[in-house]
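Please read the structure below before turning to the comments.
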Amino acid sequence: MKLKVATWNVNSVRARMPVISRWIEKESPDILCMQELKATEEQYPLDEFSDLGYHSAVNGQVRWNGVAVISKYPMTNVQKDLYGFLPEQSRMISATVCGIRLINVYVPNGGDVENPRFQEKLKYYEVLREYALSFSEPTVILGDFNVAPHLEDTHSPEEQDGSVCFHPLEREQIRIFAEAGFNDVFRRFNPEGMTFSWWDYRAASFRRDRGMRLDLVLAGSTADKMITGCSIDREPRGWEKPSDHTPVVFNIEVPE
DNA sequence: ATGGCCGGGAAGCCCGGA
């Protein structure tokens with residue numbers, strides 16, 4: 001059975017519901033992992049997703065952060081805690097669906113390199129990696145990693161080098177994920193580069209294609225072998241009232 | 001040729017985003 005799975009930083013699930021439902025009707029993903037809900041579990045539009053045919057697993061928070069997985073198939077062993085790290089920030093939810101462990105994550109932005117939050121960001125990758133390595137099922141980490149992994153993943157690598165989301169210490173963390181067996185799935189299917197998943201609202205960035213690839217799918221080796229394709233759908237970034245991110249989609253062949 | 005945004009919560013700005 002082939003599943004279509006997507007990750008999308010929606011930048012407010014309530015403000016984005018028209019765009020999200022339009023995209024779901026266009027693409028009919030089996031599973032969609034969302035970040036930056038900016039909503040509590042009480043504010044989360046559970047009934048609207050249910051009407052669209054999805055179960056929801058939600059880790060909400062007032063005003064900031066918040067992540068959710070919606071799935072056409074049942075989710076089991078839903079977890080929201082990352083070893084007690086940053087307990088006040090709802091940035092992770094994971095579940096097993098059709099035998100695959102999906103870890104949906106919204107890595108801290110970090111503010112800027114001098115900000116204490118930048119050190120928390122670096123630590124977040126380490127804790128996340130340890131967590132991801134703890135599962136015996138085929139495992140996929142997907143979400144907003146808030147780093148462009150390589151030179152070909154951002155519009156102006158020379159002038160951005162050393163700034164937040166393109167700092168060598170952040171990029172190194174994605175290399176360490178690879179060393180730990182978590183492969184950058186989009187890159188495998190799209191080796192040419194300069195394909196982005198986020199464009200700033202300011203400065204007409206989308207029209208000028210001045211973006212960054214911040215939204216990643218990192219698959220453990222067993223899961224990676226089951227994945228048959230991965231792409232970025234730029235279309236909803238051009239719709240009315242868009243998120244500043246656009247969906248990253250992959251296909252995975254799972255046993256019946 | 002250049003680049004000025006967006007969302008939420010409290011309030012009529014400020015913080016955070018990246």
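It should be emphasised that the depicted structure is a prediction, and the values quoted were computed from it without experimental measurement. Below, chain A is the first sequence line, B the second, and so on; all start at residue 1.
When the side chain to side chain donor-acceptor pair (under 3.5 Å) test is applied to A/S21, no partner is found at least two apart in sequence or on another chain. For A/D233, the side chain to side chain donor-acceptor pair (under 3.5 Å) partners at least two apart in sequence or on another chain are A/W23, A/K26. The side chain to side chain contact (heavy atoms under 4.5 Å, CB included) check on A/F189 picks up A/V185, A/I227, A/C230, with sequence neighbours excluded. Checked against side chain to side chain donor-acceptor pair (under 3.5 Å), A/E170 has the following partners two or more places apart in sequence or in another chain: A/K121.
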Original post:
Quick one: what's the B/S/- string for nucleotides 10-16 of chain B, heavy-atom cutoff under 4.0 Å, read 5' to 3'?
Top reply: ----B-S
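Of the candidate nucleotides B/dC5, B/dG7, B/dA18, B/dC5 has the atom lying nearest to any side-chain atom of A/Y201. Of the listed nucleotides (B/dG9, B/dG7, B/dA18), B/dA18 has the atom at the smallest distance from the side chain of A/L214.
Atom CD of A/E240 has 12 or fewer neighbouring heavy atoms from other residues, nucleotides or ligands inside a 6.0 Å radius.
Counting any heavy atom pair closer than 4.0 Å across all strands shown, A/Y106 reaches sugar-phosphate atoms only and no base atom. Within 4.0 Å (heavy atoms only), A/N65 reaches no atom of the nucleic acid at all. If you check every strand for non-hydrogen atoms under 4.0 Å, A/Q43 touches sugar and phosphate atoms only.
Between the C1' atoms of B/dA18 and B/dC6, the separation comes to 13 Å (whole Å). Distance check on atom C1': B/dG16 versus B/dA10 gives 15 Å, rounded to whole Å. Nucleotides B/dT2 and B/dG17, compared at atom C1', are 24 Å apart to the nearest Å. For the C1' atom pair drawn from B/dG12 and B/dG7, the interatomic distance equals 16 Å after rounding to whole Å. Using P as the reference atom, B/dC15 and B/dA11 are 13 Å apart when rounded to the nearest Å.
Taking atom CG of residue A/L216 and atom C1' of nucleotide B/dA18, one finds them 14 Å apart after rounding to whole Å. Remark: P of B/dA18 and NZ of A/K121 are 8 Å apart, rounded to the nearest angstrom. Atom pair A/L37:CG and B/dG9:P shows a separation of 12 Å (rounding to whole Å applied). In this structure, A/R16 atom CZ and B/dC5 atom C1' are separated by 11 Å, rounded to whole Å. What separates CG of A/D215 from C1' of B/dG17 is a distance of 13 Å, to the nearest Å. Here the C1' atom of nucleotide B/dT2 and the CZ atom of A/R202 are 16 Å apart, to the nearest Å. As rounded to whole Å, 10 Å separates atom C1' of B/dG7 from atom CG of A/D244. Atom CH2 in A/W199 sits roughly 16 Å away from atom P in B/dC6 (whole-Å rounding).
Using a 4.0 Å cutoff on non-hydrogen atoms, the parts of residues 142-150 of chain A near DNA chain B are A/D144, A/N146, ordered by number.
Within the 4.0 Å cut-off from OP1 or OP2 of B/dA1, not a single side-chain nitrogen or oxygen of A/R208 is found. Between B/dA18 and A/H245, a contact under 4.0 Å exists linking OP1 or OP2 to a side-chain N or O.
For the pair A/Y54 and A/I31, the minimum side-chain heavy-atom distance is 4.5 Å or more.
A salt bridge does not link A/R171 to A/D153: none of the charged side-chain nitrogens sits closer than 4.0 Å to a carboxylate oxygen. With salt bridges taken as basic N to acidic carboxylate O contacts below 4.0 Å, none links A/R237 and A/D209.
A distance of 6.0 Å or more separates the ring centres of A/F206 and A/Y201.
In this structure, A/F145 and A/Y125 have parallel ring planes: the angle between them is below the 30° cut-off, well short of the 60° mark.
Mapping A/A15 and A/A204 onto DNA chain B by nearest heavy atom places A/A204 closer to the 5' end of the strand. Mapping A/T40 and A/P108 onto DNA chain B via the closest heavy atom, the residue that lands nearer the 5' end is A/T40.
Distance check, rounded to the nearest 0.5 Å: CG of A/D144 to CD of A/Q35 gives 6.0 Å.
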